[in-house]
Amino acid sequence: MQNATSLDVKYLQKVIGTNARSTGGDGMARDEIVELIEDALETAVSEGLLPPTPAGKIELEHPRRREHGDWSTNLALGVAGRLDRNPREIAEIIAGRVAESPDVISRVEVAGPGFINFHLSPAYIRNVLFEIEEMGDRYGSSDAGGRQRVQVEFVSANPVGPLHVGHGRWAALGDALAGVMSHAGFLVEREFYVNDYGTQLRNFGRSISARYMELLGRGCELPDGGYAGEYIKDIARRIVDECGDEFLDLPEEDRVDVFIEMEYPRMLESIRETLEGMGVVFDVWFRERDLYQRGEVGESLGALERDGKAYREEGALWLRTTEYGDEKDRVLVRSSGEPTYFASDIAYHRDKMERGFDRVIDIWGADHHGYVNRMKAAMEAMGYDREALEVILGQLVKLFRSGKPVVMSKRTGDVVTLDELLGEVGADAARYFFLQRSHDSPLDFDIELAKKESPENPVYYVQYAHARISSILRYAREAAAEAELPDPLPEDLELLEAEAEMDLLRKLGELEEVVEFCAMKRVPHRLTGYAEELAALFHAFYRDCRVVTDDERLMRARVFLVQGVRQALRIVLGLIGVSAPEQM
RNA sequence: GCCCCCGUAGCUCAACUGGAUAGAGCGAUAGACUUCUAAUCUGUAGGUUGCAGGUUCGAGUCCUGCCGGGGGUGCCA
């Protein structure tokens with residue numbers, strides 16, 4: 001069924017429009033209805049029934065209630081005030097002049113205070129199935145993003161320890177955002193910024209050194225800001241096993257240097273593996289060190305100073321962020337001569353912009369809140385549009401086990417790592433849970449719930465719909481006693497008329513606008529809602545309609561329908577990063 | 001103190017950025033497997049949208065002021 005060659009090409013052109021590359025379905029319905037309204041307005045004006053008032057942007061929405069049609073406009077309500085006329089009367093004038101186009105619209109009516117409601121014709125609604133077949137994995141995609149180049153930078157954890165559960169949330173969020181934006185026509189790159197320079201790395205090396213000395217009987221205090229986790233001891237133990245006391249007599253700071261260079265690449269590699277384990281793969285791993293080695297930090301600061309955006313005071317270099325709405329100026333280079341994190345971040349963002357991205361999206365933990373304005377100010381100081389940088393702040397994750405909070409302490413290093421979580425609940429459940437809530441509210445993650453194979457757990461609900469369809473299709477192939485089922489004829493689809501079928505078709509048609517919405521509003525978590533709605537409608541369809549029946553035409557039509565549903569589920573699950581199982 | 005985010009059903013969230021009777025899931029409760037997977041479906045109960053004003057044909061959504069929760073406010077990262 002993968003090829004479309006047996007389809008009636010003329011029919012296809014008629015039903016999905018002559019523009020073969022049309023983004024189709026719902027977006028197309030919207031455009032066509034807007035056009036119909038514009039024409040109706042023009043007619044009304046030429047008949048002298050309405051003054052030539054600019055209508056402004058015609059807004060179309062999906063009414064909440066089915067009986068209000070598939071699309072609705074409040075246009076008449078909007079202009080009634082300005083014209084000082086009854087909105088219903090205006091609505092009647094416009095609605096009465098909408099050209100009949102039975103291929104698209106079956107009914108136009110005025111309702112409520114003056115809404116104009118449009119009901120799509122069943123034939124039009126069914127076309128989505130041809131579109132899905134034609135577009136395959138690309139179904140739901142559009143060019144809403146206009147091929148803008150976008151970089152999404154996320155996780156970017158310091159390579160000084162294993163990822164924690166919060167990182168998992170950023171990973172799920174960033175990856176899904178990148179995916180959905182890509183599907184909506186943006187050119188997206190996923191980037192991980194490696195902080196392999198500076199204080200945190202130093203603390204990492206010192207912590208290992210302290211444990212190393214401890215193991216070799218030279219009791220040694222964990223330094224200020226050091227890492228207390230067990231994993232540091234494990235690293236130190238491994239070094240002792242492999243190299244013995246080779247580093248014992250080195251001066252402390254030299255030993256720290258050696259340990260940093262030995263161990264941070266390993267840690268980074270294990271971070272990469274963890275992320276890959278949950279299906280998150282980055283296009284670029286960008287090293288902070290490279291910024292320094294290529295002199296970009298110096299260049300950036302030099303340019304700012306030359307432009308009078310930065311100045312020296314009390315032995316430090318300051319950026320005039322107050323000129324761009326910050327509360328106080330910020331230090332770029334400490335009086336010790338050591339650059340701040342802010343300095344390299346400025347160079348980093350300059351580098352990003354120079355790489356030609358139209359837009360750069362950073363996903364940061366909510367604890368970096370106070371940093372947003374500063375960074376945007378820096379963007380302006382460098383002469384870039386502050387809006388070119390978008391920061392998404394992710395709230396933290398609180399872990400629960402059967403309703404009880406899991407106690408974690410950063411001080412003692414007693415934390416649940418992302419690896420442990422993935423091992424316990426699996427990547428699918430983890431990614432789905434991470435994406436369930438808006439990024440700006442804290443997430444309560446219940447480990448036991450995520451493991452439950454029960455109705456409380458929505459992951460399985462969606463996956464089950466996919467597995468059920470796969471099972472139906474296997475069964476249908478047996479029943480058809482052929483390797484492949486025949487493609488449906490266009491007229492077969494007219495048999496799809498039950499309410500459950502039409503609801504399913506309508507929902508399928510919404511995917512493009514859902515993808516567009518999630519991409520434009522940067523709300524990838526809303527994909528889960530669509531997935532659940534589609535799955536729910538499928539399960540209801542399953543209750544009401546048998547796919548495999550003696551009626552061959554009906555069976556062909558319904559097979560075509562559930563194949564479309566399966567394709568849509570695959571696409572959405574793919575964007576969320578959850579697998580689509582053939583059976584469960 | 002000042003700045004940002006959030007207050008919607010018992011719980012977790014929607015409500016397409018100002019529209020029609022505020023919707024889902026979970027939980028509670030009553031039902032449905034001789035039929036393509038019951039990890040499913042169907043019914044019922046559950047609301048003064050934190051409070052008080054304001055803006056207008058219309059407010060959960062916008063403006064002001066309170067109340068409550070979270071975060072930020074380093075020559076830390």
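Each chain gets a letter, A, B and so on, in the order its sequence line appears, and its residues count up from 1.
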Candidate nucleotides B:rU21, B:rA39, B:rC16, ranked by approach to the side chain of A:H62 - the nearest
B:rC16
Assign A:A80 to base, sugar-phosphate, or nothing according to its heavy-atom contacts below 4.0 angstrom with the strands shown.
nothing
Answer with base, sugar-phosphate or nothing: what part of the nucleic acid does A:L332 contact at a heavy-atom distance below 4.0 Å?
nothing
Please give, in whole Å, the distance from B:rC26 P to A:Q436 CD?
12 Å
Taking CZ from A:R546 and P from B:rC41, how many angstroms apart are they, rounded to a whole number?
18 Å
Determine the Euclidean distance between corresponding P atoms of B:rG7 and B:rA15; express it in Å to zero decimal places.
10 Å
Any side-chain N or O of A:T199 under 4.0 Å from OP1/OP2 of B:rA77?
yes
Who does B:rG25 pair with, Watson-Crick or G-U, both distances under 3.5 Å?
B:rC11
Measure the distance from CG on A:D551 to P on B:rC36 and round it to the nearest whole Å.
19 Å
Distance between the P atoms of B:rA9 and B:rG46, in whole angstroms?
15 Å
Rounded to the Å, how far apart are A:F538 CZ and B:rA38 C1'?
13 Å
Need the glycosidic conformation of B:rU42: syn if within 90° of 0, anti if not. Which one?
anti
Looking only at the aromatic ring of each residue, does the gap between the centers of A:F434 and A:H525 stay below 6.0 angstrom?
no
Between A:H62 and A:E510: side-chain donor-acceptor atoms closer than 3.5 Å:
no
Between B:rG65 and B:rU55, how far apart are the C1' atoms? Round to whole Å, please.
15 Å
Between A:Y193 and A:K352, do the side chains contain a donor N or O and an acceptor N or O under 3.5 Å apart?
no
Would you indicate what A:N117 reaches in the nucleic acid, counting non-hydrogen atoms under 4.0 angstrom: base, sugar-phosphate, or nothing?
base
Quick check for you: to the nearest 0.5 Å, what is the distance between A:Y542 atom OH and A:Y464 atom OH?
6.5 Å
For A:R374 and A:T321, does a side-chain donor sit closer than 3.5 Å to a side-chain acceptor?
no
When you check the side-chain N and O atoms of A:Y341 and A:E288, is any donor under 3.5 Å from an acceptor?
no
Looking at B:rC75, B:rC16, B:rU17, which one has an atom nearest to any side-chain atom of A:K521?
B:rU17
Atom-pair distance (CE on A:M584; C1' on B:rA39), nearest Å
6 Å
Could you tell me the separation between the CD1 atom of A:I90 and the P atom of B:rG19, rounded to a whole number of Å?
19 Å
Report the glycosidic orientation of B:rC5: syn if within 90° of 0, anti in every other case.
anti
Just to confirm, is there a sub-4.0 Å distance from OP1 or OP2 of B:rU37 to any side-chain nitrogen or oxygen of A:R474?
no
May I ask you to verify if any side-chain N or O of A:R64 is less than 4.0 angstrom from the OP1 or OP2 atom of B:rA15?
no
Is it the case that the base of B:rA77 and the side chain of A:N203 share a donor-acceptor contact (distance under 3.5 Å, atom types as modelled)?
no
For atom CG of A:N74 and atom P of B:rA59, their distance in whole Å:
15 Å
The nucleotide from B:rC36, B:rU37, B:rG19 with an atom nearest the side chain of A:F115 is B:rG19
Does the side chain of A:D362 pick up a donor-acceptor pair with the side chain of A:H368 at under 3.5 Å?
no
Does a side-chain N or O of A:R334 approach OP1 or OP2 of B:rA77 to a distance below 4.0 Å, or not?
yes
For the side chain of A:K328, starting at C-beta, report the closest nucleotide among B:rG19, B:rU42, B:rG74.
B:rG74
Nucleotide opposite B:rC62 in a Watson-Crick or G-U pair, distances under 3.5 Å:
B:rG54
According to the 5.5 Å centroid and 30° plane-angle thresholds, does A:Y461 stack upon the nucleobase of B:rA39?
no
Just the table, please: protein N/O against nucleotides 69-72 of chain B N/O, every pair under 3.5 Å.
residue, atom, partner, partner atom, Å
B:rG71, O2', A:A366, O, 3.1
B:rG72, O2', A:G370, N, 3.0

Separation between the C1' atoms of B:rC76 and B:rU61, rounded to whole Å:
39 Å
By the Watson-Crick or G-U definition, both distances under 3.5 Å, B:rU73 is matched with B:rG1
Distance (rounded to the nearest 0.5 Å) between A:Y264 OH and A:M267 CE:
13.0 Å
When both hydrogen-bonding distances must be under 3.5 Å and the geometry is Watson-Crick or G-U wobble, what is B:rC41 paired with, if anything?
B:rG31
Using the P atom as the point on both nucleotides, what is the distance between B:rA59 and B:rA14, in whole Å?
23 Å
Look at the side chain of A:S335 against the base of B:rC75 and say whether a donor-acceptor pair falls under 3.5 Å; ignore hydrogens and angles.
yes
Take atom CZ of A:R526 and atom P of B:rA14, then tell me their distance rounded to the nearest Å.
7 Å
Quiz question: by atom type and distance under 3.5 Å, do the side chains of A:R334 and A:T340 form a donor-acceptor pair?
no
Of the candidates B:rU37, B:rC41, B:rG19, the side chain of A:R543 sits closest to B:rC41
Please confirm whether the ring centroid of A:F192 lies under 6.0 Å from the ring centroid of A:W285.
yes
Compare the minimum distances between each of B:rA20, B:rC75, B:rC36 and the side chain of A:H68, then state the nucleotide with the smallest one.
B:rA20
Hey, is the side chain of A:S72 pairing donor to acceptor with the base of B:rA20 inside 3.5 Å?
yes
Among B:rC16, B:rA77, B:rG23, the nucleotide that comes nearest once only the side chain of A:Q200 is considered
B:rA77
